There are 2 protein chains.
Amino acid sequence: MAIPSIKCQNCGINQLCLPVMLADAEVEHLDGIVQRTKPLDKGSILYRVGDTFNAIYAVRSGCLKSYTISENGDEQIIGFHLPGEIIGLNAIDSQQHPSTAKALETSTICTLPYEDLDSLAADMPGLRQQLMRIMSREILDDQELLFLLNKKSADERLAAFLINLSARYAKRGLANDCFKLVMKKSDIANYLGMAIETISRLFSRLVEKDYITIERKQVNIIDMNGLSQLAGVSCHL
Amino acid sequence: MAIPSIKCQNCGINQLCLPVMLADAEVEHLDGIVQRTKPLDKGSILYRVGDTFNAIYAVRSGCLKSYTISENGDEQIIGFHLPGEIIGLNAIDSQQHPSTAKALETSTICTLPYEDLDSLAADMPGLRQQLMRIMSREILDDQELLFLLNKKSADERLAAFLINLSARYAKRGLANDCFKLVMKKSDIANYLGMAIETISRLFSRLVEKDYITIERKQVNIIDMNGLSQLAGVSCHL
DNA sequence: CGATAGCTTGAGTCTTATCAACGTATGTGG
DNA sequence: CCACATACGTTGATAAGACTCAAGCTATCG
């Protein structure tokens, strides 16, 4: 079920997505290959570990998490994906999805068939370069996360996580000091490699020290400087 | 100083590198843009954090490490690079190298000027696709490392590290059970997010339990199955 | 041969995980 | 609409794994 009114040309987040470096005519071409389907309900799955790779996906609205599942059954969350972000890139090499992507809330997705995208890339230097930049960025983000997990204490990790979310919301024109955690605390714990109990205690401590307030899942950052400092200033996660 | 006798066409590791999907004539074109300079001595630096991005690099022989440096000065090793691997991909987005690459032993490097590569990619679908696969693979590798650091104990991490090295040597036609650690133990510790002392103790334990022997930097894996099991079988690091 | 960097081993400590119990949402069926 | 079931989150007590500090040992290289 296509939704004709939405096009890359008038999409609010096209400057975070693939069209960044493209001329109007080029965006038109890109738009031509995009498949838009009805929104994904909370909890439903975009692709699963082992699925054949056909396309990469752009998040248009909502939020997804992606995670792998180890042989002993426990899951490792790899990332949370906000509007404008491209997912499925880790499947290009093996042509099979190595991770599962699940909607954390109702989300709309643009499907970009990979073969079509590759053909377009041949003739559109801007698209080719933006693709490369997005992949490069993802490599860098993963490496920064690596650093976070390897070298930072539990407090610092959580602070960095919140600062990172804050920055990403800001980039999307939303408040940077006041947002809703769409993921469960247990997801945060999993992502940051900690026990749920530890996350719970750390949130309590952040509240106690007046860095943030938290009501249900609504987070307010009161002391952005303090929190950034705790996170390690230059850590963009 | 160009070394004329080495060409992509006759390079022993071209099937691990960029030429994988290319026809002979295409490899010729690729070879045309490659810059080969004299070997990098042990300890010398290929690029530094902050350097302007001009090219990506293929390791032809030797071994390099790449690492970032945090504001408080401590370094975080991101990876060790063996022949056939492409490095510098994390700089494409920002056009500045976010990490430093240093030779751990005498190493030869092929420089691939990025603009030239991009132009070639326009006309060579195979090259374009191989580039994407290599980046995709790197994303995946980083994510697997993430999992390792987040969910595995110290023993498991070290075992996984050794199994990973072993597999990579095997892929290059070298023995998978008998190799020299080119990096210092402190580098391994840094990479895996542990203290040097811990790494030292873990090596002792692996030897004691007859998984490996180690003489200077020469490692022999005696019980590959046992070590793999300890590492978590399906963990390719 | 001596200086230095790298590595090993031991003792004590700290951070974070685990276990357990309890509190708080959320949602379903009567 | 309430009561219950279930999932999610909090808090406390205890334990384990890995870090730090300290001392000594072993390569390596000029």
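Residue numbers start from 1 in every chain, and the chains themselves are labelled A, B, ... in the order their sequence lines are given, proteins ahead of strands. Small disclaimer: the values here were computed from a predicted structure and weren't measured.
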Using modelled atom types and a 3.5 Å cut-off, is there a donor and acceptor pairing between side-chain atoms of [X] and backbone atoms of [Y]?
| X | Y | value |
| --- | --- | --- |
| B/E144 | B/D141 | no |
| B/D223 | B/G226 | yes |
| B/S107 | B/A103 | no |
| A/T108 | A/P39 | no |

Q) Base, sugar-phosphate alone, or nothing: which one does A/A195 contact when heavy atoms must sit under 4.0 Å apart? A)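 Since a base atom lies under 4.0 Å of A/A195, the category is base.
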Q: Just call it for B/R216: base, sugar-phosphate, or nothing, with non-hydrogen atoms closer than 4.0 Å on any strand.
A: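 Here B/R216 touches the backbone only, sparing every base.
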(Q) Less than 4.0 angstrom between a side-chain N/O of B/T198 and OP1 or OP2 of D/dC19, yes or no? (A)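 So the side-chain polar atoms of B/T198 do come within 4.0 Å of the phosphate oxygens OP1 or OP2 of D/dC19, strictly under.
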(Q) Using OP1 and OP2 only, check whether a side-chain N or O of A/K184 sits under 4.0 Å from D/dC8. (A)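 Answer yes for this pair, as a side-chain N or O of A/K184 is under 4.0 Å from OP1 or OP2.
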Q) What residues, two or more places apart in sequence or in another chain, satisfy side-chain contact (heavy atoms from CB on, under 4.5 Å) together with A/L146? A)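 If we apply the side-chain contact (heavy atoms from CB on, under 4.5 Å) test to A/L146, skipping adjacent residues, the hits are B/L145, B/L146, B/L149.
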Q: Quick one: list whatever passes side-chain contact (heavy atoms from CB on, under 4.5 Å) with B/A167, sequence neighbours left out.
A: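 Per chain and number, B/A167 pairs via side-chain contact (heavy atoms from CB on, under 4.5 Å) with no residue.
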Whole angstroms only, please: what is the [atom1]-[atom2] distance between [X] and [N]?
| X | N | atom1 | atom2 | value |
| --- | --- | --- | --- | --- |
| B/L202 | D/dG17 | CG | P | 12 Å |
| A/K151 | D/dC19 | NZ | C1' | 13 Å |
| A/R205 | D/dT11 | CZ | P | 12 Å |
| B/I196 | D/dC21 | CD1 | C1' | 13 Å |
| A/I214 | D/dC8 | CD1 | P | 16 Å |
| B/M194 | D/dC19 | CE | P | 7 Å |
| A/R201 | D/dA13 | CZ | P | 11 Å |
| A/K217 | D/dT10 | NZ | C1' | 14 Å |

Q: Give me the bend of the helix from C/dC1-D/dG30 to C/dG30-D/dC1, using the axes of the five pairs at each end, rounded to 10°.
A: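 For the helix from C/dC1-D/dG30 to C/dG30-D/dC1, the axes at opposite ends meet at about 40°.
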Listed pairs under 3.5 Å, donor-acceptor, residues 85-99 of chain A side chains, sequence neighbours left out:
| residue | atom | partner | partner atom | Å |
| --- | --- | --- | --- | --- |
| A/E85 | OE1 | A/L82 | N | 2.8 |
| A/E85 | OE1 | A/R168 | NH2 | 3.2 |
| A/E85 | OE2 | A/R168 | NE | 3.2 |
| A/E85 | OE2 | A/R168 | NH2 | 3.3 |
| A/E85 | OE2 | A/R172 | NH2 | 3.3 |
| A/N90 | ND2 | A/S99 | OG | 3.2 |
| A/N90 | ND2 | B/Q143 | OE1 | 2.9 |
| A/S94 | OG | A/Q96 | N | 3.3 |
| A/S94 | OG | A/Q96 | O | 3.0 |
| A/Q95 | NE2 | A/I92 | O | 2.9 |

Side-chain atoms of residues 192-217 of chain A: list all donor-acceptor pairs with protein atoms under 3.5 Å, sequence neighbours left out, distances to 0.1 Å.
| residue | atom | partner | partner atom | Å |
| --- | --- | --- | --- | --- |
| A/S204 | OG | A/S200 | O | 3.0 |
| A/R205 | NH1 | A/D155 | OD2 | 2.7 |
| A/K217 | NZ | A/M183 | O | 3.1 |

Q | Check ion pair A/K65-A/D187 (N to O, under 4.0 angstrom) | A |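 Yes, this pair counts.
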Q | First encountered from the 5' end of DNA chain D, between B/E197 and B/K42 | A |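 Whichever sits nearer the 5' end wins; that is B/E197.
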Q) On DNA chain C, which is the earliest and which the latest nucleotide, 5' to 3', with an atom closer than 4.0 Å to a heavy atom of chain A? A)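 Contact span on the strand: C/dT16 to C/dT26.
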Q) Taking the side chain of B/S153 as its heavy atoms from C-beta onward, which of D/dC19, D/dC8, D/dA18 lies nearest to it? A)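 Within the option list, the nearest is D/dA18.
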